[in-house]
Amino acid sequence: MDWEPTFISKEQTKLIGFSFFGDPLRLSPGWTEDNEIGLLWNRFLRYLEQHGERAALAIKNLGTFYEVHIYNEETQEKGLFEVFVGAELADASLAPLDMLIKVLPATLYAVFIIHGEAIVGDWPMQIYGEWLPNSGYELSHQYHIQYHTGQFKGMDRLAESSLDVYVPVQPRP
């Protein structure tokens with residue numbers, strides 16, 4: 001993992017997709033297609049297969065996907081949080097009724113690139129528990145993004161995969 005992130009500023013980003021709230025590892029621990037996150041991705045991709053023409057009208061780029069983990073008070077206490085998977089929204093007026101729209105605020109992001117087996121490691125603890133406290137930055141919002149542009153090849157091809165993680169930050173006062 002690249003512990004010296006790059007920094008990018010992004011304008012407000014509108015996404016379209018599906019979400020889950022709860023303990024995503026309740027059904028199956030770890031990185032697997034059998035946990036709630038894997039099931040959510042399968043639901044989203046199946047939807048795109050079945051309703052591709054309709055969904056494609058509302059999506060900016062069908063080759064770029066987002067997995068957003070949104071934290072709240074229950075995250076620390078109970079391990080509950082929202083996971084949203086989707087793509088960037090092109091036109092809200094064309095959004096299918098059965099899909100959700102999520103708006104991410106304009107912010108600065110620390111971008112980490114995670115390679116190979118480290119993808120299934122404890123990189124959140126390394127980012128939030130080690131890098132962030134020593135970085136001169138603090139969180140600007142309570143979420144992070146896993147940004148997918150085809151570099152993640154699947155659980156069976158971790159060695160040749162990478163994952164971009166965007167953490168919203170601001171300089172510590």
**Message:** Would Phe18 and Leu40 count as a side chain to side chain contact (heavy atoms under 4.5 Å, CB included) here? Give the steps.
**Reply:** CA-CA 7 Å; Phe18 296 111; Leu40 185 60; 3.7 Å; yes
Can you check whether [X] reaches [Y] side chain to side chain, under 4.5 Å on heavy atoms?
X	Y	answer
His69	Ile37	yes
Ile127	Val167	yes
Thr75	Ile70	no
Ile145	Leu104	yes
Pro96	Ile16	yes
Pro105	Gln12	no
Val111	Val165	no
Pro173	Glu138	yes

**Prompt:** Tyr147: what forms a ring pair (Phe, Tyr, Trp, His ring centres under 6.0 Å) with it, not counting sequence neighbours?
**Reply:**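 Tyr147: ring pair (Phe, Tyr, Trp, His ring centres under 6.0 Å) contacts with Tyr66, Tyr166.
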**Message:** Restricting to ring pair (Phe, Tyr, Trp, His ring centres under 6.0 Å), what partner residues turn up for Tyr128, sequence neighbours left out?
**Reply:** none
First locate atom [atom1] of [X], then atom [atom2] of [Y], and finally report the distance between them rounded to the nearest 0.5 Å.
X	Y	atom1	atom2	result
Ile59	Leu48	CD1	CG	5.0 Å
Glu4	Ile113	CD	CD1	13.0 Å
Glu74	Phe21	CD	CZ	4.5 Å

**Within 6.0 Å of CD in Glu73, more than 12 heavy atoms from elsewhere** =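 Not buried by this count: 12 neighbours or fewer within 6.0 Å.
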**Item:** Worked check of ring pair (Phe, Tyr, Trp, His ring centres under 6.0 Å) between His148 and Trp41
**Value:** CA-CA 12 Å; His148 298 272; Trp41 271 108; 5.3 Å; yes
**side chain to side chain donor-acceptor pair (under 3.5 Å) partners of residues 48-58, not counting sequence neighbours, each pair once** = Tyr47-Arg54, His51-Arg54
**Request:** For the pair Tyr71 and His144, evaluate side chain to side chain donor-acceptor pair (under 3.5 Å) and give the outcome as yes or no after the intermediate values.
**Result:** CA-CA 9 Å; Tyr71 307 111; His144 76 260; 2.9 Å; yes
**Message:** Would you say Phe20 ends up clustered with Ile101 if hydrophobic residues are merged whenever their side chains have heavy atoms under 4.5 Å apart, either directly or through other cluster members?
**Reply:**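 Result: yes, single cluster for both.
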**Message:** Using the rule that Ile, Leu, Val, Met, Phe, Trp and Tyr join whenever any side-chain heavy atoms are under 4.5 Å apart, tell me whether Leu94 and Leu100 fall into a single cluster.
**Reply:** no
Which atom names give the shortest non-hydrogen contact between [X] and [Y], and what distance separates them?
X	Y	value
Val169	Ser140	N-OG, 3.3 Å
His141	Pro168	O-CG, 3.6 Å
Gly121	Pro124	O-CD, 4.2 Å

**Request:** Please test Phe65 against Phe44 for ring pair (Phe, Tyr, Trp, His ring centres under 6.0 Å), starting from the C-alpha separation and ending with a verdict.
**Result:** CA-CA 10 Å; Phe65 300 109; Phe44 175 67; 5.7 Å; yes
**Message:** Tell me whether Ser161 contacts the main-chain N or O of Gly116 through its side chain, where contact means a donor paired with an acceptor under 3.5 Å.
**Reply:**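 No, Ser161 side chain to Gly116 backbone: no donor-acceptor pair under 3.5 Å.
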**Request:** For the pair Ser19 (side chain) and Gly17 (backbone), establish whether a donor and an acceptor sit closer than 3.5 Å, ignoring hydrogens and angles.
**Result:** no
**salt bridge (Lys or Arg N to Asp or Glu O under 4.0 Å) partners of Lys60, counting only residues at least two apart** = Glu88
**Request:** Could you list the residues that satisfy salt bridge (Lys or Arg N to Asp or Glu O under 4.0 Å) with Glu130, not counting sequence neighbours?
**Result:**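 Scan of Glu130 (salt bridge (Lys or Arg N to Asp or Glu O under 4.0 Å), adjacent residues dropped) gives none.
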**Message:** Would Leu89 and Val103 count as a side chain to side chain contact (heavy atoms under 4.5 Å, CB included) here? Give the steps.
**Reply:** CA-CA 9 Å; Leu89 179 65; Val103 180; over 6 Å; no
**Request:** Begin from the C-alpha positions of Val68 and Val83 and carry the test side chain to side chain contact (heavy atoms under 4.5 Å, CB included) through to its verdict.
**Result:** CA-CA 6 Å; Val68 184; Val83 178; over 6 Å; no
**Request:** For the residue pair Trp131 and Phe112, categorise the inter-ring angle as parallel (less than 30°), tilted (30 to 60°) or perpendicular (more than 60°).
**Result:** perpendicular
**Prompt:** Residues two or more places apart in sequence or in another chain: which of them pass side-chain hydrogen bond (donor to acceptor under 3.5 Å, both in side chains) with Asn61?
**Reply:** Thr64
**Request:** Verify salt bridge (charged side-chain N to carboxylate O under 4.0 Å, His left out) between Glu82 and Lys102, making sure each step is shown before the conclusion.
**Result:** CA-CA 12 Å; Glu82 180 179 359; Lys102 184 69 69 177; 3.1 Å; yes
**Message:** Counting the benzene-type ring for Trp, do Tyr137 and Phe7 have ring centres under 6.0 Å apart?
**Reply:**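 Yes.
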**Request:** List the steps, then state whether side chain to side chain contact (heavy atoms under 4.5 Å, CB included) holds for Ile8 with Leu108.
**Result:** CA-CA 6 Å; Ile8 63 165; Leu108 175 68; 5.9 Å; no
